[in-house]
Amino acid sequence: KQGRSVQIAYTEVEMKFLRILREQESINFSQMRKGLNVNPAVLNRLILDFMAIDVVRLLISEKGYFYQLNDEQLTETSIQ
């Protein structure tokens, strides 16, 4: 749905997750896990939460599963 902007306060781990995605453009699960230094359950929750609000997209290719930011949902200043 469009028409309303919502401001979300991110945790430190969520901000780091978004910064890593911004820097890498697309990243797989294990690379993100190493970058965040979190257990798989925490990373799964982060990914699913961000996918639910359409901030992260799942890309499926012959090389595997990758995650990337949905820039349409974020502004430059929201993850600095």
Side-chain angles (χ1 to χ4, degrees):
K1 294 182 181 181
Q2 293 186 9
R4 291 191 318 171
S5 293
V6 176
Q7 186 172 2
I8 299 172
Y10 297 118
T11 67
E12 195 172 313
V13 172
E14 291 168 333
M15 288 297 292
K16 189 173 181 181
F17 176 91
L18 294 171
R19 279 193 296 270
I20 289 170
L21 276 180
R22 173 77 66 197
E23 292 166 4
Q24 299 294 321
E25 293 187 27
S26 69
I27 191 168
N28 69 29
F29 189 90
S30 64
Q31 291 169 325
M32 179 60 81
R33 193 169 154 231
K34 288 176 188 173
L36 289 177
N37 195 28
V38 296
N39 68 49
V42 170
L43 183 53
N44 274 329
R45 183 185 48 82
L46 284 173
I47 291 169
L48 291 174
D49 287 348
F50 281 125
M51 288 178 74
I53 60 172
D54 203 27
V55 170
V56 171
R57 295 183 198 172
L58 172 64
L59 301 172
I60 301 171
S61 74
E62 60 279 349
K63 294 182 180 182
Y65 299 94
F66 297 89
Y67 304 96
Q68 76 176 171
L69 287 177
N70 180 1
D71 289 324
E72 297 169 7
Q73 296 296 329
L74 293 175
T75 62
E76 282 293 319
T77 58
S78 65
I79 60 170
Q80 293 189 14

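Predicted model, so just to flag it, every value in this text is computed and none were measured.
- For Arg33 (side chain) and Asn39 (main-chain N/O), no donor-acceptor pair under 3.5 Å exists by modelled atom type.
- Shown here for Glu25 and Gln68, the closest heavy-atom pair between the two residues is O-CB, 2.9 Å.
- Within the 4.5 Å cutoff, the side chain of Val55 has no heavy atoms near those of the Asn70 side chain.
- Taking Ile, Leu, Val, Met, Phe, Trp and Tyr as members and joining any whose side-chain heavy atoms lie under 4.5 Å apart, directly or through other members, the hydrophobic cluster of Phe66 also contains Leu59.
- When side chains are defined from C-beta on, Leu69 does not count as touching Phe50, because their heavy atoms never get closer than 4.5 Å.
- A distance of 7.0 Å separates CD of Gln31 from CD of Gln24, quoted to the nearest 0.5 Å.
- There is no path of hydrophobic side-chain contacts, each under 4.5 Å, that joins Leu48 to Leu21.
- No side-chain donor-acceptor contact under 3.5 Å links Glu23 to the backbone of Ile20.
- Using a 4.5 Å cut-off on side-chain heavy atoms (C-beta onward), Leu46 and Leu36 make contact.
- Counted within 6.0 Å of CG on Asn37, heavy atoms from surrounding residues, nucleotides or ligands total 12 or fewer; the atom is thus considered open.
- Under a hydrophobic clustering in which Ile, Leu, Val, Met, Phe, Trp and Tyr are joined whenever their side-chain heavy atoms come within less than 4.5 Å, directly or via other members, Leu58 and Ile53 fall into the same cluster.
- Two residues are said to be in side-chain contact when any heavy atoms from C-beta on lie closer than 4.5 Å; Thr11 and Met15 fail this criterion.
- Under the 6.0 Å cut-off for aromatic ring centres, Phe17 and Tyr67 do not qualify, their centroids lying 6.0 Å or more apart.
- Between Arg19 and Arg22, every side-chain heavy-atom pair lies at or beyond the 4.5 Å cut-off.
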